[in-house]
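Reviewing the structure listed below.
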Amino acid sequence: MNLEVPYHLENFIGGNLIGPLSGNFIDNVNPATGQVYGQIPDSHKKDVDAAVIAAKKIFPVWSTTPVEERFKTLNRIAELIDENLEELALAETNDNGKPLWLSKKVDIPRASANFRFFATGIMHFATESHNMEDKAVNYTLRQPLGIVGCISPWNLPLYLFTWKIAPALAAGNCVIAKPSEVTPVTAFLLSKIFKEAGLPAGVLNIIHGTGPGAGEAIVSHPDVKAISFTGSTRAGERIASISAPKFKKLSLELGGKNPAIIFADCDWEKMMTETIRSSFSNQGEICLCGSRVLVEESVYEKFKADFIERTKKLKVGDPLEPESKQGAIVSKLHFEKILRCIDTAKLEGGKILCGGHIVKPEGRCAGGYFIEPTVIEGLGPNCQTNQEEIFGPVVTLQSFKTEEEALQLANATQYGLAATVWTQDISKANRVAAKVESGIIWINCWLLRDLRTPFGGMKNSGVGREGGWEALRFFTEAKNVCIQL
Ligand code: NAD
């Protein structure tokens, strides 16, 4: 599966790797070096049209392929991802800037886990029946939707891409998928895996390109029946406005501004270790990272001192080095955005407790986009820094006196994706969990994911739930069949 550098990627349409019909390409930059190291297709409507034609042709075959066969193919894809872990992880690190050890340990294994999970899931997927005593029996017939669109972001490139594709394929749909134009290479490698695994040509098509170009062409195509999208709230709004008048099924996983709520009675060591992780893992570029750390007033100063000391120890540097805890920010554009957010925090009166600067590693990463993990205090809940998603290694600290105040602060944003609660008082933990406006609440832990559970945000963090049966249901049309007895 070796790719030659510089990469020259192609779309995967009808089982073939082909260049964009326009002949235009976009540069792909390695954020750790700042160097262009490949090119990706700048695809548009015509490429999407070709993919839809290929998908339409094979849909009658794939949708009626016995689930045992779909199970086998998806499982084979999972095996091939595992076999190619080293190459996929390196490609992801070069595209995204995340530490290689993280990609190997988390992202790529989770991508194969997604296929394994939905391969077995479809074998157990059942529908309901409702008995009307001696009058009638109803049963629910769940059928694949047809052709569906899956659009994913750059932060967990292969993991989130496969999180959408796997249930869509398992449920018998054909897919037009678009990875982020910022991190395209793992999806390209996956197209080779799909071929090797024997997935019939046209069942899965991968189109590379920008959101406005390739993405909107997928969303607005009349034959694409559903869109599963993960990305920013801004793009989610745009996608919803295009899809709603066409009555497409929509699942939107969007931005967050997640609170970490820390009560004085927590298990201190565990809380500190996990709060460092939830703040700065993957350079803070995980939608589930906590970016607003809310600390009970009685332990605020102790927390601040401990947190800053540990944050300063996080090594920022070459993502290929095993000791780098933080790699590069994904792109120059995002790097500049984060720096602007830090400037805004200062203008709003925030005090930078640590970090806030660019990091310039020596050697091959001298031209890369690195930022110190940054901790800020002294800002109220309504300022821009505490309202808008930064999506980088930047957290704010705020203190609270009571449980009620903690909840007010936690809920004081437009977002509702994830929250953590740290306390040894089980009743308090459950009271808070019930009142935090958030799709997922972790009590005394962070990022423990059971793929069987529904997953998704509230408020401006999204609509629709992914994960477990919810994802398989999303990718099917439910019909009720009523039989009079
Ligand atoms: P983004 O919205 O810029 O792009 C995401 C994907 O959508 C890309 O493939 C992009 O090309 C495409 N896109 C952009 N505009 C589009 C349009 N008008 N039509 C169709 N497609 C379009 O997001 P990003 O910068 O890649 O990712 C970061 C964002 O993703 C953050 O806001 C983060 O919180 C969010 N995110 C959310 C979750 C979740 O589960 N809720 C998970 C990961 C990331």
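Whatever order the structure lists ligands and atoms in, that order sets their numbers, starting from 1.
Counting heavy atoms only, Ser152 comes closest to atom 6 (C) of ligand 1 of the residues Ser152, Ser180, Gly231.
Annotation: Trp154 places an N or O atom under 3.5 Å from an N or O atom of ligand 1; distance criterion only. The shortest N or O to N or O distance between Thr233 and ligand 1 is not under 3.5 Å. In terms of polar-atom proximity, defined here as any N/O pair under 3.5 Å, Glu389 does make such a contact with ligand 1. When only interatomic distances are considered, the shortest N/O to N/O separation between Ser232 and ligand 1 falls below 3.5 Å. Any N or O atom pair closer than 3.5 Å counts here, and Arg234 shares no such pair with ligand 1. Annotation: Phe455 places no N or O atom under 3.5 Å from an N or O atom of ligand 1; distance criterion only.
Only the backbone of Leu254 comes within 4.0 Å of ligand 1, judged by heavy-atom distances. With a 4.0 Å cut-off on non-hydrogen atoms, Asn155 touches ligand 1 through its side chain and not its backbone.
At the shortest separation from atom 28 (C) of ligand 1 among protein heavy atoms lies Phe391 CE2, 3.6 Å.
With a 4.5 Å cut-off on side-chain heavy atoms, Val29 and Gln35 do not count as touching.
Lys360 forms no cation-pi arrangement with Phe370, by the criterion of a distance under 6.0 Å to the ring centre and an angle within 45° of the ring axis. Figure legend: cation-pi geometry between Lys325 and Trp101, with NZ or CZ positioned under 6.0 Å from the six-membered ring centre and within 45° of its axis.
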